[in-house]
There are 2 protein chains.
Amino acid sequence: MTQSQADDLSKSLKAIADPARLRLISIIAASEGQEACVCDLTEPLNIGQPTVSHHLKVLTEAGFVTRSKRGTWAYYKLVPGALDSLARLLVTA
Amino acid sequence: MTQSQADDLSKSLKAIADPARLRLISIIAASEGQEACVCDLTEPLNIGQPTVSHHLKVLTEAGFVTRSKRGTWAYYKLVPGALDSLARLLVTA
DNA sequence: CGCCTATATCGATGAATGTCAATGTTCGAT
DNA sequence: ATCGAACATTGACATTCATCGATATAGGCG
């Protein structure tokens, strides 16, 4: 594995290597259409709303979720296959 | 996913979410018997020997490699299936 | 327009982390 | 016993990061 490959893979791993972000992914994955509103994510995690917003931004920039605003609400949806392809990279490593 | 499950999974992910540690795993995995001596790991990574030692300790404590000393040399070996079971946890998340 | 609600951004702070230089430890060889 | 080689540990430093409070933005409603 080259240095830049290792850099890329570690960036993806760092993005999900956080308890709060793992739980966010878990909740979104269990939601209808694998999509959830921020209001459904703030309460069950015991962390403040700005922190949730921050974690969702990290996950979005890493390509694990996408954001779509409908009215006042922001909905985050899992990117299909993103987690699977990361898992495949792991066993190939 | 519960809080403690998320904590455990994030600890495993943090252990490999580092370019140097990913390259260490990659080199060990490509070695004969999936085992390599520290002397074979220090040079190709462009980081100092104490740092390599530190990374190997992190990987050992996370259960990805095991250490066995033979003479003056320390050999690190991949734990079979460790990466695979982590990858499986990811797609189930 | 003005208020309220939902979400994002900013700035700060404390904790964790990667790296190094220096030193310690262990083992083989002379 | 002594020396050198291989590896680990320690202490320090700079950077990154998770979290929070305060504030900004943006949309719906009266």
Side-chain angles (χ1 to χ4, degrees), chain A residues 1 3-28 31 35-62 64-77, chain B residues 1 3-28 31 35-62 64-77:
Chain A
M1 170 158 29
Q3 179 67 46
S4 65
Q5 284 175 327
D7 285 341
D8 290 347
L9 184 48
S10 79
K11 277 183 190 173
S12 294
L13 289 171
K14 277 179 198 293
I16 60 171
D18 179 272
R21 292 199 282 271
L22 286 173
R23 296 193 68 195
L24 285 173
I25 288 180
S26 170
I27 296 176
I28 297 175
S31 303
E35 189 181 46
C37 160
V38 177
C39 52
D40 297 327
L41 301 171
T42 307
E43 184 212 355
L45 257 70
N46 266 357
I47 55 180
Q49 172 265 320
T51 306
V52 171
S53 212
H54 161 69
H55 286 310
L56 288 169
K57 186 178 185 179
V58 172
L59 288 175
T60 304
E61 288 174 345
F64 291 106
V65 300
T66 54
R67 193 179 96 107
S68 67
K69 201 165 182 182
R70 293 204 286 276
T72 317
W73 293 272
Y75 288 84
Y76 284 85
K77 185 176 181 179
Chain B
M1 170 157 29
Q3 179 68 46
S4 65
Q5 285 175 327
D7 285 340
D8 290 347
L9 183 49
S10 79
K11 276 182 190 172
S12 294
L13 289 170
K14 276 180 199 294
I16 60 171
D18 178 273
R21 292 198 283 270
L22 286 173
R23 296 192 69 193
L24 285 174
I25 288 180
S26 170
I27 296 176
I28 296 175
S31 302
E35 189 181 46
C37 161
V38 177
C39 53
D40 297 326
L41 301 170
T42 307
E43 183 212 358
L45 257 71
N46 265 358
I47 55 181
Q49 173 266 319
T51 306
V52 171
S53 211
H54 162 69
H55 287 311
L56 288 170
K57 186 178 186 179
V58 172
L59 289 175
T60 303
E61 288 174 345
F64 291 106
V65 300
T66 54
R67 191 180 98 107
S68 69
K69 202 166 182 182
R70 294 204 285 277
T72 318
W73 293 271
Y75 288 84
Y76 285 86
K77 184 176 181 181

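Letters A, B, ... are given to chains in the order of the sequence lines, protein chains preceding strands, and every chain is numbered from 1.
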Quiz prompt | Segment of DNA chain C, first to last nucleotide, that comes within the 4.0 Å heavy-atom reach of chain A | solution =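 So the outermost contacting nucleotides come out as dT5(C) to dT9(C).
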Starting at [atom1] of [X] and ending at [atom2] of [N], how long is that distance when rounded to a whole Å?
{"X": "H55(B)", "N": "dT9(D)", "atom1": "NE2", "atom2": "C1'", "value": "15 Å"}
{"X": "I16(A)", "N": "dC17(D)", "atom1": "CD1", "atom2": "P", "value": "15 Å"}
{"X": "D18(B)", "N": "dT15(D)", "atom1": "CG", "atom2": "P", "value": "17 Å"}
{"X": "K57(A)", "N": "dT19(D)", "atom1": "NZ", "atom2": "P", "value": "16 Å"}

[X]: what forms a side chain to side chain contact (heavy atoms under 4.5 Å, CB included) with it, not counting sequence neighbours?
{"X": "S53(B)", "result": "Q49(B)"}
{"X": "D40(A)", "result": "C37(A)"}
{"X": "A20(B)", "result": "D18(B), L45(B), I47(B), H55(B)"}

Between protein and nucleic acid, restricted to nucleotides 4-8 of chain D and to nitrogen or oxygen atoms under 3.5 Å apart, what atom pairs and distances do you find?
{"unit_1": "dC7(D)", "atom_1": "OP1", "unit_2": "A74(B)", "atom_2": "N", "d": "3.2"}
{"unit_1": "dC7(D)", "atom_1": "OP2", "unit_2": "C39(B)", "atom_2": "N", "d": "3.1"}
{"unit_1": "dA8(D)", "atom_1": "OP1", "unit_2": "R67(B)", "atom_2": "NH1", "d": "2.9"}
{"unit_1": "dA8(D)", "atom_1": "OP1", "unit_2": "Y76(B)", "atom_2": "OH", "d": "2.5"}
{"unit_1": "dA8(D)", "atom_1": "OP2", "unit_2": "S53(B)", "atom_2": "OG", "d": "2.4"}
{"unit_1": "dA8(D)", "atom_1": "O5'", "unit_2": "S53(B)", "atom_2": "OG", "d": "3.2"}
{"unit_1": "dA8(D)", "atom_1": "N7", "unit_2": "Q49(B)", "atom_2": "NE2", "d": "2.7"}
{"unit_1": "dA8(D)", "atom_1": "N6", "unit_2": "Q49(B)", "atom_2": "OE1", "d": "3.4"}

Quiz item: Can you name the salt bridge (Lys or Arg N to Asp or Glu O under 4.0 Å) partners of E61(A), sequence neighbours left out?
Solution: none
Practice problem: Looking at every strand, decide which applies to R21(A) at a 4.0 Å heavy-atom threshold: base, sugar-phosphate, or nothing. | Solution: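 Answer is sugar-phosphate: R21(A) comes under 4.0 Å of backbone atoms only.
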Quiz item: Does any non-hydrogen side-chain atom of I28(A) lie less than 4.5 Å from one of L41(A)?
Solution: yes
Test item: [X] side-chain N/O and [Y] main-chain N/O as donor-acceptor pair under 3.5 Å:
{"X": "S26(B)", "Y": "L22(B)", "value": "no"}
{"X": "K14(B)", "Y": "A17(A)", "value": "yes"}
{"X": "S31(B)", "Y": "A36(B)", "value": "no"}

